[in-house]
Structure formats: structure tokens, C-alpha cells
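Bear in mind that the values here come from a model prediction, so they are computed numbers and not experimental data.
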Amino acid sequence: MAADAQHGPTAGEYIGHHLQHLRSKEQLNIVDFTVFNVDTLVWSILMGVLGLWVLRGVAKRVTSGVPGRLQAAVELVLEMVDNQAKSIVHNAQSRKFVGPLALTVFIWIFLMNSMDFLPVDLIPRIWEWIYGAAGHDPHHAYMRVVPTADLSATLGMSIGVLLVCLYYNVKIKGLGGWIHELFSAPFGAHPLLWPFNFLMQMIEFLAKTVSHGMRLFGNMYAGELVFMLIALMGAAGFGSATGIFLWIGHIIAGTGWAIFHILIVALQAFIFMMLTLVYVGQAHDAH
């Protein structure tokens with residue numbers, strides 16, 4: 001990290017190091033579409049492949065008799081997603097795509113969120129060793145393993161949902177019907193109201209997309225920070241003779257937060273999935 005070999009990193013340096021992404025190149029501006037967070041791409045793809053592999057394995061071993069634990073869990077998730085899709089998206093033809101989409105969103109985000117349960121320093125330390133063995137400076141070996149704690153990932157998913165909503169707006173209402181709705185809702189079809197209606201529609205699309213991604217990012221980013229602070233408690237405990245109380249607090253706080261975080265991980269995946277269904281359902285409704 002940024003500290004020298006004789007002295008360990010400060011708390012600020014430790015957290016700052018852990019919040020750095022493994023990037024394709026240095027980011028010079030707040031918004032730079034030429035920069036890719038390689039760690040986010042790698043771990044999100046791996047979690048997607050893992051989810052597909054698990055579901056494929058369950059599908060191959062499915063039985064009509066007494067199901068195993070994994071099959072029972074998958075069936076519960078399938079039933080939950082199917083019920084929510086039927087209650088929100090009333091078009092049966094659309095549900096053939098929207099249902100699997102919602103299931104994919106839930107499982108993928110759940111797996112990406114679950115990376116937060118790994119010890120904070122485990123994979124970054126392994127990556128430092130690999131990076132150093134390859135002849136690079138291990139102090140500049142950055143690795144973040146929770147893709148949903150990266151705003152570019154969560155906004156990317158919310159933009160994907162926006163594109164699906166735009167597709168169904170055109171498919172269900174027709175291009176002309178949707179354009180008419182953009183200029184006639186919510187205030188009415190009078191020509192003087194067209195600019196205000198269009199502005200409100202654009203604000204609505206923008207607000208839904210940004211809040212959809214920001215909500216997931218904010219919760220997972222905060223959870224990641226809490227785990228780092230708890231890890232620092234343990235390090236401070238080992239660093240002093242009277243730090244046993246901090247070490248005990250580290251164990252208690254880490255256990256309590258991990259248990260509570262199980263709820264957060266599942267809840268955030270569920271909320272993102274439900275909002276996806278709600279926004280797609282709204283695309284089917286005429287104002």
C-alpha cells in the first residue's frame with residue numbers, strides 16, 4: 001500500500017487502498033467512458049457464470065419426488081419471481097421474457113452482493129502476491145470484489161432496465177402511441193402543455209434510472225465500508241497490549257454485521273428485481 005515497509009498503513013490509507021479499482025487506465029475525469037474497472041467486469045461475469053452453472057445443474061438433476069435443498073431453494077425463488085411477475089406485468093406474452101429477466105436480475109445481484117461476505121483482505125492480499133510475483137509493485141495492486149459497490153455496474157444495470165422499458169413502450173403502444181403519450185401525459189393533450197409534458201416524462205425516466213442504480217450502489221458501498229472499519233478494529237486490537245477489548249469488539253461487531261448483512265444482500269437483490277418488474281409493468285400501462 002502507500003505506507004512504507006517499516007510502518008503499516010494508516011486507517012485512511014488502508015481504506016483508500018481498498019476503495020481503488022483495478023482499472024484499464026488511470027481515470028482523469030469524473031466521467032470517463034474510456035476507463036474500465038477490470039475487477040468489476042471480472043467478478044460480475046464470474047458471478048453470472050456461477051449463477052448459470054448452478055441453475056443448469058439444478059435443472060439437470062430436477063426430480064418430481066422429494067427435492068434436495070438446492071432444488072427446493074431454487075423452486076422457492078422461481079415461485080416468488082413468477083408470482084411477482086404475474087401480479088405486476090399482466091401481459092402473458094411479455095412475461096415469457098420479463099419473468100426470466102427478473103429471475104436473472106435477482107440471482108445475479110444476490111451472488112454479486114454475497115461477495116461482501118468474504119474477508120475484506122483475502123482476495124486483495126492474494127492479488128497483491130500475484131501482482132508482485134509478476135514483477136509489479138504490490139503497493140499498487142488494487143482489487144475490489146463486490147461489483148455492486150461500483151456505481152458504474154449498478155447504473156449499467158439500471159440503464160439496461162431502461163432500454164427494456166423503452167422497448168416495451170414502443171412494442172405495446174406503438175411508436176406513434178408512445179410519442180403521443182410523451183407529449184400528452186401527465187397534464188393533458190393541449191399543445192401549450194406539450195413542452196411541460198415532455199420535460200416531465202424525461203425527468204421521470206432519468207429519475208427512475210438513476211435512483212434504481214444509486215439505491216443498490218449506496219447500500220452495498222456502505223456495507224463494504226463498515227466491514228473495512230470492523231477489520232481496522234481487529235488490527236488496532238493486535239497493535240496494542242490493551243487492544244484486547246477492540247479485538248473482542250471486532251469479533252462481536254463483525255459477527256453481528258455479517259448476520260445483518262445477509263438480510264441486506266437478499267433485500268437489495270429483491271428490491272432491484274421488484275423495481276425492474278414495476279418499471280416494465282408501467283411501460284405496459286397507458287396514461
Side-chain angles (χ1 to χ4, degrees), residues 1-5 7-47 108-132 134 136-158 210-239 246 249-250 253-254 256-258 260-261 264-265 268-269 272:
M1 297 181 189
D4 55 56
H7 303 282
T10 65
E13 290 170 338
Y14 173 83
I15 293 176
H17 183 274
H18 276 281
L19 292 180
Q20 289 286 335
H21 283 283
L22 174 62
R23 293 192 169 107
S24 58
K25 66 176 187 178
E26 189 66 26
Q27 183 172 337
L28 301 178
N29 301 304
I30 296 177
V31 178
D32 189 345
F33 293 108
T34 65
V35 177
F36 298 95
N37 291 338
V38 179
D39 45 11
T40 297
L41 289 171
V42 169
W43 290 109
S44 59
I45 291 172
L46 285 177
M47 291 302 101
W108 192 26
I109 293 179
F110 179 82
L111 290 174
M112 289 192 289
N113 290 353
S114 297
M115 292 296 292
D116 219 2
F117 292 126
L118 294 176
V120 172
D121 291 305
L122 177 61
I123 294 180
R125 288 295 185 188
I126 294 174
W127 174 243
E128 280 187 15
W129 180 83
I130 296 173
Y131 199 76
H136 303 291
D137 183 2
H139 294 160
H140 295 90
Y142 304 118
M143 177 63 65
R144 294 183 65 181
V145 300
V146 186
T148 46
D150 181 2
L151 184 58
S152 62
T154 58
L155 282 181
M157 289 187 288
S158 66
V210 173
S211 64
H212 199 189
M214 287 290 292
R215 182 182 291 104
L216 176 59
F217 160 74
N219 281 277
M220 298 313 301
Y221 185 85
E224 193 177 32
L225 281 178
V226 171
F227 275 122
M228 291 179 194
L229 293 173
I230 292 173
L232 285 171
M233 288 179 61
F238 281 116
L246 281 176
H250 158 77
W257 182 247
F260 179 67
H261 208 60
I264 295 176
V265 162
Q268 290 305 314
F272 198 97

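The backbone N or O of T34 sits less than 3.5 Å from a side-chain atom of D32, completing a donor-acceptor pair.
Residue pairs meeting the salt bridge (Lys or Arg N to Asp or Glu O under 4.0 Å) criterion with at least one member in residues 138-158, sequence neighbours excluded, are R144-E224.
Annotation: the span from L229 atom CG to Y14 atom OH amounts to 9.5 Å, rounded to 0.5 Å. Rounding to the nearest 0.5 Å places CZ of F227 at 13.0 Å from CG of D121. Distance check, rounded to the nearest 0.5 Å: CZ of F272 to CZ of R215 gives 9.5 Å. A distance of 14.0 Å separates CZ of R125 from CD1 of I130, quoted to the nearest 0.5 Å. Note: T154 OG1 to M112 CE = 9.5 Å, rounded to the nearest 0.5 Å. A distance of 13.0 Å separates CD1 in I15 from CD in Q20, rounded to the nearest 0.5 Å.
By the 4.5 Å heavy-atom criterion applied to side chains, F217 and M157 are not counted as neighbours. Counting only heavy atoms from C-beta outward, the side chains of W43 and I123 approach each other to under 4.5 Å. For the pair N29 and V35, the minimum side-chain heavy-atom distance is 4.5 Å or more.
Residues L225 and L19 share a closest heavy-atom pair of CD2-CD1, 3.9 Å. For the pair T148 and M220, the tightest heavy-atom approach, listed with the atom from each and the gap, is OG1-CG, 3.5 Å. Here the closest heavy-atom approach between residue P147 and residue A153 is recorded as O-CB, 3.3 Å. In this structure, Y221 and A149 approach most closely via the heavy-atom pair CD1-O, 3.7 Å. Residues S114 and V265 share a closest heavy-atom pair of OG-CG1, 3.6 Å. Closest heavy-atom contact between H140 and Y131: O-CE2, 3.9 Å.
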I'd like to know whether W108 forms a side-chain contact (heavy atoms from CB on, under 4.5 Å) with S44, so could you lay out the CA-CA distance, the side-chain angles of the two residues, the decisive distance to 0.1 Å, and finally the verdict.
CA-CA 8 Å; W108 192 26; S44 59; 4.0 Å; yes
Apply side-chain contact (heavy atoms from CB on, under 4.5 Å) to residues N113 and L216 and explain how you reach the verdict.
CA-CA 9 Å; N113 290 353; L216 176 59; 4.0 Å; yes
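Under the 6.0 Å cut-off for aromatic ring centres, H21 and Y142 do not qualify, their centroids lying 6.0 Å or more apart.
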